[in-house]
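The next block holds one structure in the form of structure tokens; read it before the comments.
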Number of protein chains: 2
Amino acid sequence: MVRTYSHAPRTRQERTADSRALILDAAVDCLVEHGYSGASTLVIQAKAGVSRGRLLHHFPSRDGLLVAAANHLATNRLKQTEERAAARLEDAPEGPERVDRCIELLWTTFHEPHFWAAMELWTAARTNPALASALRPEERGLHAAIRSVTDRIWGPEIRANARYDEMRKLLFTSMRGAAMPYTFEDRPPSTDPHVELWKATARRMLFDE
Amino acid sequence: MVRTYSHAPRTRQERTADSRALILDAAVDCLVEHGYSGASTLVIQAKAGVSRGRLLHHFPSRDGLLVAAANHLATNRLKQTEERAAARLEDAPEGPERVDRCIELLWTTFHEPHFWAAMELWTAARTNPALASALRPEERGLHAAIRSVTDRIWGPEIRANARYDEMRKLLFTSMRGAAMPYTFEDRPPSTDPHVELWKATARRMLFDE
DNA sequence: CTAGAAACAGTCGGGATTGACCGCTAAGAC
DNA sequence: GTCTTAGCGGTCAATCCCGACTGTTTCTAG
């Protein structure tokens with residue numbers, strides 16, 4: 001069957017950009033919904049609502065598609081975190097009371113779709129060298145960006161603390177480690193006992209002594 | 001082709017136990033080598049060196065096999081940790097010097113094959129309810145056991161410390177979180193900068209103030 | 001000792017997945 | 001205006017994987 005293009009006339013650049021974004025968004029969604037092994041090209045193309053030809057034209061191999069999805073995810077994840085941070089930063093208090101708010105805010109970023117998508121990619125990267133090479137530089141940049149966002153969340157006052165850097169690293173890794181079991185636990189992460197632990201530890205590290 | 005059994009005569013119980021162990025060990029190996037999606041029943045049966053009939057007789061479905069592999073892994077992981085701990089505990093000093101040794105020992109458990117196998121299962125469990133249900137009780141038991149092993153590693157002196165429990169939880173989750181990026185990083189985990197951070201933090205939590 | 005079930009061995013069909021491929025349309029260079 | 005090529009649409013062959021199934025041997029209960 002032959003079908004004429006129904007799109008409004010567009011430049012090639014626009015078309016390519018649209019197609020890629022459409023497909024990559026779908027790929028990330030599928031990663032979240034079905035996991036790495038369930039994110040087949042067929043499922044992705046269905047989710048994106050594109051033809052097989054269109055998908056394969058832009059991403060000739062599944063590996064390449066998922067590598068691109070990894071990069072796509074990194075930039076999006078950062079953008080989202082920045083927006084969210086900006087939104088919740090306005091009425092944030094200073095001093096010790098700010099600690100609790102910050103920890104709660106940071107903890108939420110560890111059970112969002114983007115986090116799970118990233119985890120799928122990390123896990124898959126362990127046995128997929130192409131994916132690992134793609135992830136390495138991307139995650140480095142992302143990490144630096146995450147750090148700057150985190151710094152803004154905590155605010156200049158806390159950031160000036162001598163123990164701030166240690167606390168930041170410790171909480172970041174601890175939260176990631178605590179988030180993992182929620183792949184199979186179904187209770188709400190917001191009630192995680194670690195939250196209180198983090199609050200107490202952060203307060204002690206920053207304000208005691 | 002018809003082939004007579006070449007095995008020495010054995011009871012059914014023994015045979016079943018042998019077959020299951022053989023297959024489950026292979027399944028865990030495949031999980032480590034090829035990841036969850038690469039651990040197909042065909043690959044596992046090849047690794048185990050068993051016929052298709054033998055594999056399917058004991059594990060009629062791939063899901064069931066991987067669920068069983070999860071349980072198998074849990075018990076083995078614990079056993080191994082206990083042995084290792086016992087071996088390295090003998091000449092361990094007491095007091096602050098013990099802290100460094102303990103942290104190094106604990107950190108090694110986060111880049112062993114068993115850890116990666118568990119991570120594959122956790123990740124897969126997120127989009128696989130059957131696996132998630134199997135993991136939940138198993139991990140609960142494992143967690144309790146891990147805790148008791150950890151307690152013995154730290155020793156009674158440190159364990160008596162008021163902040164011990166907080167420190168233990170914090171380090172455990174932080175190590176897990178710090179271990180994840182090593183799916184795509186290829187530098188040696190033993191040089192991870194977090195190690196120094198953990199040592200400093202633990203010492204301060206336990207002995208300062 | 002004998003029946004019946006467990007413990008295999010090996011084959012096969014159905015379904016899913018991947019990427020090659022052929023053909024067409026429209027964008028953009030000249 | 002024409003010509004080249006990017007951007008698709010849709011089909012197909014090859015492959016892989018899972019689990020059903022058939023047949024055979026060994027254990028074990030009675």
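Note on naming: letters A, B, ... go to the chains in the order of the sequence lines (proteins, then strands), and numbering restarts at 1 for each one. Given the structure is predicted, the values throughout are model-derived calculations rather than measurements. Side-chain atoms are counted along with the backbone in the values below, which use heavy atoms only and exclude waters and symmetry mates.
Remark: B:Phe172 engages B:Phe110, B:His143 in a ring pair (Phe, Tyr, Trp, His ring centres under 6.0 Å) (not counting sequence neighbours). Residues passing the side-chain hydrogen bond (donor to acceptor under 3.5 Å, both in side chains) test with A:Glu112, sequence neighbours excluded: A:Gln80, A:Arg84. For A:Pro188, the side-chain contact (heavy atoms from CB on, under 4.5 Å) partners are A:Ser190, A:Thr191, not counting sequence neighbours. Residues meeting the side-chain contact (heavy atoms from CB on, under 4.5 Å) test with B:Glu33, sequence neighbours left out: B:Lys47. Scanning for side-chain contact (heavy atoms from CB on, under 4.5 Å) contacts around B:Val67 gives B:Leu131, B:Ala134, with sequence neighbours left out. Among residues two or more places apart in sequence or in another chain, the side-chain hydrogen bond (donor to acceptor under 3.5 Å, both in side chains) test is passed with B:His58 by none. Scored by the ring pair (Phe, Tyr, Trp, His ring centres under 6.0 Å) test, B:Trp107 finds B:His111, B:Trp198 as partners (sequence neighbours excluded). For B:Ala130, the side-chain contact (heavy atoms from CB on, under 4.5 Å) partners at least two apart in sequence or on another chain are B:Asp63, B:Asn128.
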Under 3.5 Å between N/O atoms: give me all the protein pairs with nucleotides 28-30 of chain D, atom names plus distance.
unit_1 : atom_1 : unit_2  : atom_2 : d
D:dT28 : OP1    : B:Arg12 : N      : 3.0

Any N/O pairs under 3.5 Å between the protein and nucleotides 15-17 of chain C? List them or say none.
none

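If you find the closest nucleotide of DNA chain D to B:Ala39 and to A:Leu55, the one lying nearer the 5' end belongs to A:Leu55.
Protein atom CZ of A:Phe59 is 15 Å distant from nucleotide atom C1' of D:dA6, rounded to whole Å. Distance, A:Glu14 CD to C:dG28 C1': 14 Å, rounded to whole Å. One can place CZ of A:Arg20 at 10 Å from P of D:dG7, the figure rounded to the nearest angstrom.
For residues 150-159 of chain A, the pairs satisfying side chain to side chain donor-acceptor pair (under 3.5 Å) are A:Asp151-A:Tyr164, with sequence neighbours left out.
With B:Tyr36 as the aromatic partner, B:Arg62 meets the cation-pi criteria of under 6.0 angstrom to the ring centre and within 45 degrees of the ring axis.
A distance of 10.5 Å separates CG in B:Leu206 from OG1 in B:Thr201, rounded to the nearest 0.5 Å.
Listed pair A:His58 / D:dC8 meets the phosphate criterion, a side-chain N or O lying under 4.0 Å from OP1 or OP2. OP1 and OP2 of D:dC18 both lie 4.0 Å or more from every side-chain N or O belonging to B:Ser61. In terms of phosphate contacts, A:His57 brings a side-chain nitrogen or oxygen within less than 4.0 Å of OP1 or OP2 of D:dG7.
Interface residues of residues 21-37 of chain B facing DNA chain D, ordered by number: none; criterion, heavy-atom separation under 4.0 Å.
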